[in-house]
Amino acid sequence: MVFLRHLSSNRKWLIWILALIMLVAMISITLQKNDVFRAIENPILTFLSPIQKALSTAGFSIKEKIEFIPQIFQLKEENEALKKQVAELQRYKQNLLEYQRENEDLRKLLGLKEKNLQFDLETAEVIGRDSDDWFNIILIDKGKNQGIEKDMAVITNDGLVGCIISATANTSKVMLITDERSAVSAMLQRTRDNGIVRGSINEVQKGYLEMDFLSKDANIAKGDIVISSGLGGIIPKGIVVGEIVEAQKESHQLTQYAIIKPAADLLKLEWVFVVKSEKGAAQ
């Protein structure tokens, strides 16, 4: 048993010695460049060449990808920075457009104020609207402190909006002419025929006006302009109310009525004028 252990131990040393001898022999053959080495060198190199080429290509590819990783992070940072700049420029653009629109509105209002020198006008901003569709009410940011009182007319550069129905210190409620409770004395600008303009009660014609009590002989044509007549003492004379889109005779044939499209865009009101008084009128 001891002999076998000794033989196994010597065999391990023998393997190491043989491996060392073979290594020395290969080095010797390589240095001498003899015919045997040359005979096996070319086939080996030929066999290993594609593998070496593939490993080299893969190495370059991996190197390029590793070098590109920092660039990816840099590009991502630049992309985020550009996105922020674009968003900021977009906000500036929106603000500029809003300022331009407001400036244009104020210029129109100024032009209207200069145009209507016979009226003492108070500029007001629309700050609210009644949520109930049954009544057409808006809230403006001027009130008694600015000389606003009940029954004063409210207009825009396009035409009549309505009248004040109540006022607090710094706000007022305006009933639009499309409200079913509204009634305005008016006349056809072309023929001077008189009638009463009210908010339409017809659901199909919601947002339009009806002009009643027109004479059966009145010459009414589509496109005729309707203006306030000044009768009743609330709405001053000569303010544009709207344009006739349809005219019909009443069933009893004694009068006619017309459907009117309001001159002012009552759904997009932002700025209005309150007609405080006519200049030169008795206070």
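No experiment lies behind these values; they were computed from the predicted model shown. Just so it is clear, the values below take in all heavy atoms, side chains as well, and ignore hydrogens, waters and symmetry mates.
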Visitor: Can you list the steps and then say if V241 with L209 is a side-chain contact (heavy atoms from CB on, under 4.5 Å)?
Guide: CA-CA 9 Å; V241 176; L209 309 168; 3.8 Å; yes
Visitor: Do L160 and V197 have side chains that get closer than 4.5 Å, going by heavy atoms?
Guide: no
Visitor: Scan for salt bridge (charged side-chain N to carboxylate O under 4.0 Å, His left out) pairs involving residues 219-232, sequence neighbours excluded, and state none if there are none.
Guide: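 Every salt bridge (charged side-chain N to carboxylate O under 4.0 Å, His left out) pair that includes a residue of residues 219-232, provided the two are not neighbours, is R190-D224.
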Visitor: Find out whether I140 and V174 are in side-chain contact, i.e. whether some heavy atom of one side chain is under 4.5 Å from a heavy atom of the other.
Guide: yes
Visitor: Looking only at heavy atoms, which two atoms of A264 and D158 are closest? And how far apart?
Guide: CA-CB, 3.9 Å
Visitor: Taking the side chain as every heavy atom from C-beta outward, state whether T156 and F273 have any pair of such atoms under 4.5 Å apart.
Guide: no
Visitor: Tell me whether L188 shares a hydrophobic cluster with V240, the cluster being built from Ile, Leu, Val, Met, Phe, Trp, Tyr side chains joined at under 4.5 Å.
Guide: no
Visitor: Can you find a pair of side-chain heavy atoms, one from M152 and one from V275, that are under 4.5 Å apart?
Guide: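 Side-chain contact under 4.5 Å: no.
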Visitor: Output the distance between atom CD (E246) and atom CD (E210), rounded to the nearest 0.5 Å.
Guide: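 Separation between the atoms: 10.0 Å.
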Visitor: Look only at the side chain of Q256 and the backbone of K216, and say whether a donor-acceptor pair between them is shorter than 3.5 Å.
Guide: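 Side chain of Q256 to backbone of K216, a donor-acceptor pair under 3.5 Å: yes, one is there.
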Visitor: Hey, what do you get for CD1 (I225) to CD (E243), rounding to the nearest 0.5 Å?
Guide: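 Between I225 CD1 and E243 CD, I get 5.0 Å after rounding to 0.5 Å.
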Visitor: Verify, without hydrogens or angle tests, whether N219 (side chain) and D217 (backbone) share a donor-acceptor contact under 3.5 angstrom.
Guide: no
Visitor: Please report the closest heavy-atom contact between I177 and S182, naming both atoms and the distance.
Guide: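 Heavy-atom minimum between the residues: CA-OG, 3.5 Å.
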Visitor: To the nearest 0.5 angstrom, please state how far the OG1 atom of T171 sits from the NZ atom of K142.
Guide: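 Taking OG1 in T171 and NZ in K142, the distance rounds to 12.0 Å.
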Visitor: If you measure from CD1 on I196 to CG on L214, what distance do you get to the nearest 0.5 Å?
Guide: 9.5 Å
Visitor: Would L269 and R129 count as a side-chain contact (heavy atoms from CB on, under 4.5 Å) here? Give the steps.
Guide: CA-CA 10 Å; L269 294 172; R129 184 179 289 268; 4.3 Å; yes
Visitor: State whether the side chain of S228 and the backbone N or O of G238 hold a donor-acceptor pair below 3.5 Å, judged by distance alone.
Guide: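 Between the backbone of G238 and the side chain of S228 there is a qualifying donor-acceptor contact (under 3.5 Å).
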Visitor: To the nearest 0.5 Å, what is the distance between CD1 (I235) and CG (D151)?
Guide: 8.5 Å
Visitor: Determine whether E270 and V126 make a side-chain contact, defined as any pair of heavy atoms from C-beta on separated by less than 4.5 Å.
Guide: no
Visitor: Do the side chain of N136 and the main chain of L176 share a donor and acceptor less than 3.5 angstrom apart?
Guide: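 No: the side chain of N136 does not pair with the backbone of L176.
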Visitor: Would you mind reporting whether V274 and S172 have side-chain heavy atoms less than 4.5 Å apart?
Guide: no
Visitor: Could you tell me the separation between the CG atom of N170 and the CD1 atom of I127, rounded to the nearest 0.5 Å?
Guide: 9.5 Å
Visitor: Can you give me the closest heavy-atom contact between R192 and Q189, atom names plus distance?
Guide: NH1-O, 3.1 Å
Visitor: Is it true that I227 and V245 fall in one hydrophobic cluster, defined by side-chain heavy atoms closer than 4.5 Å?
Guide: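 No, I227 does not connect to V245 through the hydrophobic network.
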Visitor: Is D141 reaching over with its side chain to a backbone N or O of E125, donor-acceptor style, under 3.5 angstrom?
Guide: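 Checked: pair present.
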